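The block underneath contains the structure these notes are about, expressed in structure tokens.
Protein chains get the first letters and strands the later ones, always in sequence-line order, with residue 1 at the start of each. Remember, predicted model here, so these are calculated numbers, not experimental data.
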Amino acid sequence: MINVVWFKRDLRITDHAPLMQACATGPVLPLYLYEPSLIAQPDVSAQHVAFINQCLTTLRADLNTLGLALLTRVGEALAVLADIHHRVGTFTLWSFEETGNGATYQRDKRVLAWCRANGVAWHESPSGAVVRRLKDRDRWSGIWMQRMRNEPLDAPTVAVQANVQIDSHGIVATAHLPVSGCDKPLRQRGGRTVALADLHSFFNVRGQHYRIAMSSPLSAADACSRISAHLAYGSLSVREVVHAVWQQRALLQGQPPDCVEPGWLASLKSFESRLHWHCHFIQKLESDPSIEFSNMHRAYAGLREDNYNAALQTAWRNGETGLPMIDACMRMLTATGWINFRMRAMLVSFSSYHLWQHWREPALHLAREFLDYEPGIHYPQVQMQSGTTGINTVRMYNPIKQARDQDPTGAFVRRWIPVLGRVPTDFIFEPWLMPDNLQREYGCVLGRDYPLPVIDVIAAAEHARSTMWVTRKGNSFRKEAQAIFETHGSRNPAREGIKVRKTRSVRETREAETSARQTSLFD
DNA sequence: AGTGCAGTTGACTTT
DNA sequence: TAAAGTCAACTGCAC
């Protein structure tokens, strides 16, 4: 009986339990599916498929070194599996558990039903630290460490190719698939070789000032690890990266403290905590797939859904809101497929609060624009930055303040909005404040060369803030927020908006203790 | 040298 | 991973 190893978003041969187990069991057929109904989903764009194709190129080469040939097929999972079944009879199916979008979830349910009906055993291995059918969030943090502690698996050393007479479709160009959009020439390259090079340069060169430099879009593209897309498609496993962090930290701690360049240890610590958060967020969508579609806290149902404004959404998507920092970030994202975390939060916050748009359509747009789109991180994050989780405080970003903080000279804005190139720094983040004669002098007439702001930042923020807090003050708000916290909340007291005070008075301490559960939710 | 005061800073609270 | 407001302590300076 042959062993079909179904590669999904785990495009590597190291630290790959399904491949390892299949190789130890019998002849192996490595399979990758281009599933038209999934590729046509509104969260998929051409850059994703092009990146996957680069991953598949190195995966195919790596499998070849084991004596295995990658079979790819364009077709729906059920049809392809049935075809294989028809040719070879029953087989064993091996894969990772996937925490994907609603469409892959439904697909997996159909595959499971088909497997049961056809006597095919489907062995799924856990991905990262994500726990399927998690009962108790309190124990999750320990599970992360448990999962990460073991050494990443080496690639299999012995493998036997299964002999199946099916033609491979090879690497399929995006033009032949029902995918939206175009590839981005400036996006990151994919594949294991690039992934390892990115990891190496981060730990040895780029990551020294990660903790500080991650906030500004000027420095983040270089100072961040840039492994997010490699993790999303599995050319690196989270555990491999965690072990690389630990190894690097041990190396630095083995040196005399004054020989370690400043910044490295704080940066590694900060990076490791984000690897923890990576799985923490995916766990939320795994535990509750409805997060992709509807507000986590029901008190927000109907708040913005009917306020859809096509003109505002188009302006936001095209980087034409008239707010230079918003537009520059969106234009960088559109061109490169990447923007740093703080600016992603700002883009979502601006759409949800200042433009008062429901998060669902903007989330789909960003899913297509983020090369590193990972559903389990994306939807919980979008909801958090839109204020609909109920367990996080309202975090409304002021695009002018963020501009001053993260781009003090205006260099970032000028790079992505050339028409603002000659505008002096005093006006660069609020060009509408320029008198007419200066607008003409600097070659940037508002309404002609660059849009007037689509909303008044102060008034829009005021409206959003008051509406959000009125909703939060509703009678049953806390009760449901408590329930959401039980299922999804972080148990780390320093995280998810829960502040740990350094000092407090006797009275404050007593109050805090008597209402600890409530304050931990709403601080 | 001490006092009054405007302006600044930082910790903490509220929205 | 927010921003704005409050308040008290502190600072620099004129007198």
Subject >> Pairs touching residues 298-320 of chain A that satisfy salt bridge (Lys or Arg N to Asp or Glu O under 4.0 Å), sequence neighbours left out >> reply: A:R298-A:E480
Subject >> Length of the line joining A:M396:CE and B:dT14:C1', which is rounded to integer Å >> reply: 13 Å
Original post:
Taking NE2 from A:H354 and P from C:dA3, how many angstroms apart are they, rounded to a whole number?
Top reply: 9 Å
**OP:** For A:K473 and B:dT14, give me the distance from atom NZ to atom C1', rounded to whole Å.
**Re:** 8 Å
**OP:** Look at A:N398 and C:dA4 and indicate whether a side-chain polar atom (N or O) is within less than 4.0 Å of OP1 or OP2.
**Re:** yes
Original post:
Taking the six-membered ring for Trp, are the ring centroids of A:Y210 and A:F202 within less than 6.0 Å of each other?
Top reply: yes
**OP:** Find the distance A:Y397:OH to C:dA2:C1' and express it as a whole number of Å.
**Re:** 6 Å
Original post:
Whole Å only: how far is the OH atom of A:Y353 from the P atom of B:dT15?
Top reply: 16 Å
Subject >> Residue list, side chain to side chain contact (heavy atoms under 4.5 Å, CB included) with A:Q255, at least two apart or on another chain >> reply: A:L252, A:V260
Subject >> For atom CD1 of A:I458 and atom P of C:dG5, their distance in whole Å >> reply: 10 Å
Original post:
Can a side chain N or O of A:Q402 be found less than 4.0 Å away from OP1 or OP2 on C:dA3?
Top reply: yes
Subject >> Whole-Å gap separating P (B:dT15) and CD (A:E462) >> reply: 12 Å
**OP:** Please state how far atom CE in A:M325 lies from atom P in C:dA2, giving the value in whole angstrom units.
**Re:** 14 Å
**OP:** Indicate, with yes or no, if the rings of A:H297 and A:F477 have centres closer together than 6.0 Å.
**Re:** yes
